[in-house]
Amino acid sequence: MTALEAKHPGENEYLQAVREVLESIEEVYNQHPEFEKAKIVERIVEPDRIFTFRVTWVDRNGEVQTNLGYRVQYNAALGAYKGGLRFHKAVNVSMLKFLGFEQIFKNSLTMLPLGGGKGGSDFDPVGKTDEEIMRFCQAFMYELWRNIGPDQDSPAGDVGVGGREIGYLYGAYKKLAREHSTGALTGKSYGWGGSLIRPEATGFGAIYYVERMVKQTGDKMEGKRIALSGFGNVAWGAAIKATELGAKVVALSGPDGVCELPNGIDKEMIDYMLEMRASNRNKVEDMATKFPGKAVFTPGKKAWMVKCDIACPCAFQNELAEADAKELIANGVKYVAEVSNMGCQPAAIAAFQAAKIPFGPGKAVNAGGVATSGLEICQNAEHRNWTAEEVDKNLHTIMNNIYDMCVQYGKQADGTINYVKGANIAGFMRVANAMLAQGII
Ligand code: GLU
């Protein structure tokens, strides 16, 4: 870590993600001198390569805009690079390196043949028109198309990139590459290569994992109050599945504040989440304006002020701080599951673990999204569409398997489960063994 900090000063998110993994695997790693000999750790922390490129496009006023685009191809030991694209004004190399690093182990946990990668741009979708988004996606693809493909690197969505953006990106890719390689991008719409359940998959998978965490303690989902942060694709899928299992979604949030939902969320409100995302306004207050009384808006506050049994960050890295963890604990939270990547700050995780509150880490809890991307690639390769039931059944099996591996590797002497350790060790071992078998490359 000292060497890495000196080599990459100021890359805080990246260093935070690496530290968490290295601390978890240290003991197991030291039992494998062959890993040490092949310098697996020194190699795995550095991406295979990073592409950085200029993206120039014309806005609605005819003005020329310039953004930066990136693709981090991190590790291909298990398969072609796989991971989302993030469009957000704060995107930089450190953020994409942390996301790419997490992706290696997450993809490994799915047991599918997926390497790890991530990309994106500092393009800010907030307030943009549909045409501006299309032009930006096309300009982004002018640069990236040569470096992606089903057997090379397959990007998908992440924050700021959903079905609409994937459509524009794929259209540009197909025109430039002059071939219909549907597996070159996932998260496509159904009808031209997309998979049923992919939009819901991250949220569904997360709730399948949470359900196991709850059952592990002899408890049940029914009647549990769940606070979700964000209101995007991930929170949407989680809200559907949690409600279906009889839990009550009591909070959603946005950069502008929190909406408390005293009676839980209903179908109409869940559907409205999609409109809120499509509007590019990025305001959760719109929910309270649309459903007065059913949603009560408080500006400037986070979802964690709402009393709940289960807290699920679904928005951005480091969105849950130590003070939030203390507030949740004081309000009686029973389970915490990160659905966003690295949603909790290290001190917040330490606070939950010290209070003996089961804590599920993002790379395990949210792996259902990329797992279903893997299933989308399978469907593309066999020129077939699976039914929703078939995809959901596969997703559920994968999440159960991930949960079981976390228990296997994370069981502590006192009988409690350290899910962070379990996920990191299980994810790491598969990649490390593959790297070892493939030689020094
Ligand atoms: N962005 C998602 C993640 O963090 C999905 C990636 C994918 O489907 O390739 O895992």
Side-chain angles (χ1 to χ4, degrees), residues 13 17 70-76 78-88 91 95-110 112-121 144 148-150 152-163 165-166 169-170 182-189 193-206 209 230 232-238 313-317 319 337-343 360-380 391 394-395 398-399 402 423 427:
E13 296 96 339
Y70 308 90
R71 185 71 185 166
V72 181
Q73 296 187 334
Y74 225 115
N75 186 294
L78 299 180
Y81 304 103
K82 182 81 197 91
L85 296 171
R86 177 173 289 194
F87 292 171
H88 189 278
V91 160
M95 196 191 293
L96 297 179
K97 275 172 67 182
F98 118 65
L99 287 163
F101 185 71
E102 291 281 291
Q103 200 81 43
I104 306 172
F105 308 103
K106 180 195 315 197
N107 294 4
S108 165
L109 286 170
T110 68
L112 297 169
L114 304 170
K118 203 84 189 190
S121 173
L144 193 62
I148 64 169
Q152 197 180 158
D153 184 355
S154 173
D158 196 81
V159 175
V161 178
E165 291 75 15
I166 292 295
L169 289 162
Y170 186 75
T182 39
L185 285 153
T186 63
K188 301 178 293 295
S189 297
S195 173
L196 292 170
I197 307 291
R198 177 63 189 90
E200 292 87 348
T202 310
F204 276 23
Y209 191 98
N233 168 260
V234 171
W236 169 78
C314 296
F316 217 59
Q317 73 267 6
E319 54 175 309
E338 269 181 339
V339 195
S340 46
N341 291 308
M342 210 165 79
K363 63 171 75 68
V365 175
N366 74 27
V370 73
T372 308
S373 279
L375 303 179
E376 184 174 330
I377 294 175
C378 289
Q379 294 170 73
N380 294 157
V391 179
N394 273 279
L395 166 64
I398 291 170
M399 293 312 298
I402 293 176

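For ligands, and for the atoms within them, numbers begin at 1 and follow the listed sequence. All figures in this text were calculated on a predicted structure; none of them were measured in a lab.
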Exercise for review: For E338, enumerate each residue passing the salt bridge (Lys or Arg N to Asp or Glu O under 4.0 Å) test, keeping only those at least two apart in sequence or located in another chain.
Suggested key: none
**Study point:** Pair K82-D153, salt bridge (charged side-chain N to carboxylate O under 4.0 Å, His left out): steps then yes or no
**Key:** CA-CA 6 Å; K82 182 81 197 91; D153 184 355; over 6 Å; no
Point to revise | Contact partition for N341 relative to ligand 1, non-hydrogen atoms under 4.0 Å | key: side chain
Check your understanding: Can you name the nearest heavy-atom pair linking A201 to G368, along with the distance?
Key -> CB-O, 3.6 Å
Review point. So is Q103 in contact with ligand 1, going by heavy-atom distances below 4.0 Å?
Key: yes
Exercise for review: Determine whether any heavy atom of R86 lies closer than 4.0 Å to an atom of ligand 1.
Suggested key: no
Point to revise | Gap between atom CD1 of I377 and atom CG of L112 - 0.5 Å precision | key: 9.0 Å
Exercise for review: Applying side-chain hydrogen bond (donor to acceptor under 3.5 Å, both in side chains) between N341 and each of K106, K363, E13, report the one that passes.
Suggested key: K106
Check your understanding: Of the protein's non-hydrogen atoms, which lies at the shortest distance from atom 9 (O) of ligand 1, and what is that distance?
Key -> K82 NZ, 2.8 Å
Check your understanding: In ligand 1, which numbered atoms sit nearer than 4.0 Å to a non-hydrogen atom of D158?
Key -> 1 (N), 2 (C), 4 (O)
Point to revise | Contacts of type salt bridge (Lys or Arg N to Asp or Glu O under 4.0 Å), residue E200, not counting sequence neighbours | key: none
Review point. Got the closest protein heavy atom to atom 7 (C) of ligand 1, with its distance?
Key: A156 CB, 3.4 Å
Exercise for review: Identify the protein heavy atom lying closest to atom 6 (C) of ligand 1, giving its residue, its atom name and the separation to 0.1 Å.
Suggested key: G84 N, 3.5 Å
Point to revise | Closest approach of any protein heavy atom to atom 3 (C) of ligand 1, naming residue and atom | key: K106 NZ, 3.3 Å
Check your understanding: What protein heavy atom sits nearest atom 8 (O) of ligand 1, and how far away is it?
Key -> S373 OG, 2.6 Å
Practice item. Considering heavy atoms of the protein only, find what lies nearest to atom 5 (C) of ligand 1 and give residue, atom and distance to 0.1 Å. Key: R198 NH2, 3.6 Å
Revision key, fill the gap. d(F105 CZ, Y74 OH) to nearest 0.5 Å is 8.5 Å
Revision key, fill the gap. Counting heavy atoms under 4.0 Å, the part of K118 that contacts ligand 1 is side chain
Review point. Judged by atom type as modelled, is there a donor-acceptor pair below 3.5 Å linking the side chain of N107 to the main-chain atoms of G115?
Key: yes
Study note, to complete from the structure: Checking heavy-atom distances from atom 2 (C) of ligand 1 to each of A367, G83, G157, the winner is G157
